[in-house]
There are 4 protein chains.
Amino acid sequence: MTRRAGPGTRTSPAGSRAAQSAIRREQVLAAALELFCEHGYAGTSTRRIAEAAGVTEGLIFHYFATKEALLFELAAQRHTFAGQVLTVMQRAGDRSARELLLAVAAGLTGVSSEEGAFIGFMLAEAQVNPSLRAQVTSATAVVLGGIVRTLARRVEAGELRADASLEAAAHGFFGGFLFFFTQHRHLGPAAWRREAAAFAEAWADQCWRGIASPAALSAHSTKCP
Amino acid sequence: MTRRAGPGTRTSPAGSRAAQSAIRREQVLAAALELFCEHGYAGTSTRRIAEAAGVTEGLIFHYFATKEALLFELAAQRHTFAGQVLTVMQRAGDRSARELLLAVAAGLTGVSSEEGAFIGFMLAEAQVNPSLRAQVTSATAVVLGGIVRTLARRVEAGELRADASLEAAAHGFFGGFLFFFTQHRHLGPAAWRREAAAFAEAWADQCWRGIASPAALSAHSTKCP
Amino acid sequence: MTRRAGPGTRTSPAGSRAAQSAIRREQVLAAALELFCEHGYAGTSTRRIAEAAGVTEGLIFHYFATKEALLFELAAQRHTFAGQVLTVMQRAGDRSARELLLAVAAGLTGVSSEEGAFIGFMLAEAQVNPSLRAQVTSATAVVLGGIVRTLARRVEAGELRADASLEAAAHGFFGGFLFFFTQHRHLGPAAWRREAAAFAEAWADQCWRGIASPAALSAHSTKCP
Amino acid sequence: MTRRAGPGTRTSPAGSRAAQSAIRREQVLAAALELFCEHGYAGTSTRRIAEAAGVTEGLIFHYFATKEALLFELAAQRHTFAGQVLTVMQRAGDRSARELLLAVAAGLTGVSSEEGAFIGFMLAEAQVNPSLRAQVTSATAVVLGGIVRTLARRVEAGELRADASLEAAAHGFFGGFLFFFTQHRHLGPAAWRREAAAFAEAWADQCWRGIASPAALSAHSTKCP
DNA sequence: GATGAATGAGCATTCATTCAT
DNA sequence: AATGAATGAATGCTCATTCAT
């Protein structure tokens, strides 16, 4: 029986007891993240998490009150996807909607396939766990609301049609990415990056065309013949 | 001793033992469907299914070899969503892509929120269950492939741009609906119908504009000022 | 690993499947009773009960929803002690209080030391388990109330003093037996019977003298010089 | 390095580290006492004791080798009840048995309901824990023996009947109080004091009458008509 | 003296599944 | 066809205890 990361095993400089324990905690979270994504929440036992993290089961409950607390901490901690979108939105300034959507899409390309898998997992779990659903729904609302509000400013600028449903656009734009992620989450990193980049650009372009005003459309097509 | 539902077997009246048992079987499937959608596959015990179906637990295993067999049968049996899409596609004839997308969208509106919940469940479960994933992936591929092929014919007809990525379009179009479904699955029937109809129409319109040729676009706008 | 009482092992005439299962259920209860008395409720694991009953742990939960349900069923089922007292009381008729207390005492002598141990266990557990306490308290109230009411009739008959606290008498009479039981529960059957009989008679006599009227006392002493 | 509380050690002021640690130790004992009484020994985790005492779990094991050691120390330390009885007995002198029993009863009235709860707990726990049982049994034997021996002297004085079983009397007298305590341990302090005083007096009186000689009885009744 | 990370055995309970009836 | 007794492995979680710091 191999002892892994037992206390006192490491006298390395970086490792005060407190630091060591923080690392262990993180290892548990990381292991849980990976296993949850692969087998789902209910399909992952705390036993397996402990094994994967090289830790005893009891220690998991030393750090986290319940298995669900582990899930919630993961949900609260990992926001890369929504964060990407919001960051891009906040830096919007007076850029065109087209540039914005492309920027968001490009940002999402940077997201790894693991991140995609995590989003797929969260969305799936949210369907089944009411308190997680609340968390996910509100996060989604923030992102969609952000997109809608930013696009609304571009309607006034004449770039987008006044009669387009921006809610539908935001919903569909986002949903398209989400579906893409869940469908391609099992790709390797290289293939993922390639496919994701291609899809992201084409999809951002189409969504923009879907809501662009005739004037903006023709202006765009003369620039890119 | 294998029981076969051969033609001669059904001379007995409708209330016969055979018919009774078929009904029971169906009740089990229905109960499983509902519980799976609400609590997920792993979150639903065979005991709860039995209770909900008004049947003993043992009987479930008389009808289905394993709990997973129940899941697979559900996956194979209930295809309303994908079926809707395919049916519309097959009847496409020479209708315009715009009409087609709107028809698909309208078809999806007719789908109940329960159906939407079922799709959400299947997609979620597929992330976790490899054999289900295969089934779902191939079903999705058929639907998306059908959309792409049908749209491709309309490129030749000049209605759609030749440089548009139809794969991205199909993916996004479909994904938009899926995301909408998972986000609104907890709505009551009336609200669902209203919201779904509004979204479906707007979304079909936008997706069409995203890939329409300039000629088709201007032709459309002169018709609907 | 010796198979004990497995299904199908017994083709004995008395043993239909239903009867067999009732027996098994009873075995579980009996094992639980014994272990609870020896190690307390919290100190007895369902594992040990299963082993002692020659049954798998799962089966216990097939019969009883929870470990606590086992406890409650035991509490509801085994009432020999209180039952003895009440039966004697109900048959009271117009017997003297002295005869009554002696009859109660004699009845309690018939109670085995196991029964005494069970009472000790219940009283102990009731201190710690609120719902069990409610049950025990109400059972005790019934018994004490019965004693008080029966004695009250003998006050009117002049056998007992009008100024004696019958509540205190009933409480103390009963409590004396209870304490005796808990103190002697580890005796063997023979020694138990001897000690119990001696104590019961002496104690009933003293309690009677404690509340008897002077007239009854002198009448008694002339009869038994 | 063994720390000894030798006389020279205590020259430090009252707030010294040593004093501090003694206080902490006492807090742990107090917390354990209260929790044990409420939830039983097995039903109280060291974690809860630590929380209630405002101390880390580890510290408990710094002071006490095991959880059981905590229990034993409590058993050895708190003897108010038995102490009361013995003190009264030792000061007996040539007082009458009647006065003695009333004094004992009065002494027990002074005992708080917490003390009553503690006795109930100890008696309950003794049924389950052999080494505690030994301790409790011998303590009980001392008290009961003390009562018996004191009463025996009053038999010679003619106050008590020669043919009365003093063992049964002592047992029952004590048991009556014990049962009263366990039945009323959940009363508030005021109600407790009232109820306890009433019961104690009535019970002591009855027990005395149960074993008093005819002469003493009539002498008593002429004094208190 | 005091902390709290860490352990490993144990807990009550749930589960899908089998099988005799 | 249908029951429900029975299994045995697994589950999330708690426990008393140890020990390096």
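Excluded from the calculations below are hydrogen atoms, water molecules and symmetry mates; all remaining heavy atoms, backbone and side chain alike, are included. We name chains A, B, ... by the order of the sequence lines, and we start the count at 1 in each one. This is a predicted model, so every value here is computed, not measured.
Heavy atoms from other residues, nucleotides or ligands lying under 6.0 Å from CD of C:Glu73 number more than 12. Counting heavy-atom neighbours within 6.0 Å of B:Glu57 CD, excluding the residue itself, gives a total above 12. The number of heavy-atom neighbours closer than 6.0 Å to CD of B:Gln27, taken from other residues, nucleotides and ligands shown, is above 12.
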Would you list the atom pairs, donor with acceptor, under 3.5 Å between side chains in residues 118-131 of chain C and any protein atom, with sequence neighbours excluded?
unit_1: C:Gln127; atom_1: OE1; unit_2: D:Arg185; atom_2: NH1; d: 2.7
unit_1: C:Asn129; atom_1: OD1; unit_2: C:Ser131; atom_2: N; d: 3.0
unit_1: C:Asn129; atom_1: OD1; unit_2: C:Ser131; atom_2: OG; d: 3.2
unit_1: C:Asn129; atom_1: OD1; unit_2: C:Leu132; atom_2: N; d: 3.1
unit_1: C:Asn129; atom_1: ND2; unit_2: C:Glu68; atom_2: OE2; d: 2.8

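Heavy atoms of B:Tyr63 sit under 4.0 angstrom from primed sugar atoms or phosphate atoms, though from no base atom. Using a 4.0 Å heavy-atom cutoff across all strands shown, A:Arg47 reaches at least one base atom of the nucleic acid.
Of the two residues near DNA chain E, C:Ala65 and A:Leu59, the one whose nearest nucleotide lies more 5' is A:Leu59. The nearest heavy atom of DNA chain F to D:Glu57 and to A:Gly58 marks one nucleotide each, and the one closer to the 5' end goes with A:Gly58. Nearest-nucleotide positions on DNA chain E for B:Arg48 and D:Val55 put D:Val55 closer to the 5' end. Summary of the strand contacts: D:Gly43 and A:Thr46 both lie near DNA chain F, and taking for each the nucleotide with the nearest heavy atom, the more 5' one is attributed to A:Thr46.
At least one side-chain nitrogen or oxygen of A:Ser45 sits closer than 4.0 Å to the OP1 or OP2 atom of F:dT11. For C:Arg17 and F:dG4, the shortest distance from a side-chain N or O to OP1 or OP2 is not below 4.0 Å.
Side chains of D:Leu29 and D:Glu26 form a contact here, defined as non-hydrogen atoms less than 4.5 Å apart. Residues B:Leu59 and B:Val28 form no side-chain contact, since every pair of their non-hydrogen atoms from C-beta on lies 4.5 Å or further apart.
Of the candidate nucleotides F:dT17, F:dG4, E:dA16, E:dA16 has the atom lying nearest to any side-chain atom of B:Phe61.
One atom, CD of C:Gln20, and another, C1' of F:dT7, lie 16 Å apart when rounded to the nearest Å. Note: NE2 (A:His62) to C1' (F:dT17) measures 14 Å, nearest angstrom. Going from atom CD of A:Gln27 over to atom C1' of E:dA6 covers 13 Å, rounded to whole Å. Counting to the nearest Å, the C1' atom of F:dT11 and the CD1 atom of A:Ile60 are 13 Å from each other. At whole-Å resolution of the value, CD in C:Glu51 and C1' in F:dA6 are 17 Å apart. Atom C1' of nucleotide E:dT14 and atom CZ of C:Phe64 are separated by 18 Å, given to the nearest angstrom. Separating the NE2 atom of B:His39 from the P atom of E:dC15 is a distance of 12 Å, rounded to the nearest angstrom. Taking atom NZ of residue C:Lys67 and atom C1' of nucleotide E:dG10, one finds them 12 Å apart after rounding to whole Å.
Consecutive Watson-Crick or G-U pairing (both distances under 3.5 Å) extending over three or more pairs maps onto DNA chain F as E:2-21 with F:2-21.
Counting only distance, with no hydrogens or angles, the side chain of D:Tyr63 and the backbone of D:Ser21 share a donor-acceptor pair below 3.5 Å.
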